[in-house]
Amino acid sequence: MVGPKNDNVCCFSKNDWWQVNGWTAGVEVGLRYRVYKSMYLEATSKLAYGVLRGVPVYQGTADQNLWMGEYVLSAGFLF
């Protein structure tokens, strides 16, 4: 089921398909190394914490605390 096909699908009513049920806060740090004048390598790290309360599930609601992390290594060109 993708969601009800009506005007009331987002975000602040108890019966909406999409709901705002919490918050997330995070930090990101990165380091860029210029290989040549127009080429670079970049490494970044992201860390975030989220709190969700009263998330609708199959039979009732759920609460959840999440730690999230991401590491990215990228290469690119500057124009």
Side-chain angles (χ1 to χ4, degrees):
M1 181 173 167
V2 176
K5 303 294 188 257
N6 59 25
D7 293 335
N8 192 24
V9 295
C10 183
C11 292
F12 299 102
S13 175
K14 285 286 186 195
N15 61 349
D16 289 346
W17 180 257
W18 298 103
Q19 295 183 11
V20 178
N21 289 15
W23 57 268
T24 302
V27 294
E28 179 179 359
V29 64
L31 181 65
R32 180 180 284 189
Y33 174 70
R34 244 168 139 168
V35 179
Y36 190 65
K37 290 180 184 178
S38 63
M39 295 171 46
Y40 69 88
L41 291 173
E42 185 175 73
T44 59
S45 176
K46 297 179 184 180
L47 182 65
Y49 179 72
V51 176
L52 303 172
R53 298 286 179 248
V55 179
V57 292
Y58 176 61
Q59 292 181 341
T61 60
D63 296 339
Q64 191 170 33
N65 297 334
L66 300 167
W67 279 103
M68 301 161 268
E70 178 182 26
Y71 301 100
V72 177
L73 178 62
S74 57
F77 295 96
L78 300 171
F79 295 101

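These numbers were taken from a predicted model, which means no experiment stands behind them.
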**Prompt:** Among the clusters formed by ILVMFWY side chains lying less than 4.5 Å apart, do Y36 and Y33 turn up in the same one?
**Reply:** yes
**Asked** V51 and L47: same hydrophobic cluster, using ILVMFWY side-chain contacts below 4.5 Å?
**Response** yes
**Request:** Return the minimal non-hydrogen interatomic distance between R32 and Y40, and the atom names on each side.
**Result:** NE-CD1, 3.7 Å
**Message:** Is there a path of hydrophobic side-chain contacts, each under 4.5 Å between heavy atoms, that joins L73 and F77?
**Reply:** no
**Request:** Determine, using the 4.5 Å side-chain heavy-atom cutoff (strictly less than), whether Y58 and V55 are members of one ILVMFWY cluster.
**Result:** no
**Prompt:** When rounded to the nearest 0.5 angstrom, what distance separates NZ in K37 from CG in L78?
**Reply:** 13.0 Å
**Item:** Atom pair OG1 (T24) and CG (L52), whose distance is rounded to the nearest 0.5 Å
**Value:** 6.5 Å
**Message:** How long is the straight-line distance from CD of E70 back to CD of E28, given to the nearest 0.5 Å?
**Reply:** 8.0 Å
**Prompt:** Under 4.5 Å between side-chain heavy atoms, hopping through other hydrophobics if needed: is there a path connecting L31 to V27?
**Reply:** no
**Message:** Looking at every heavy atom in both A75 and L41, which two are closest together, and how far apart are they?
**Reply:** CB-CD2, 3.7 Å
**Message:** When you compare the side chain of N21 with that of P56, does any pair of heavy atoms fall below 4.5 Å?
**Reply:** yes
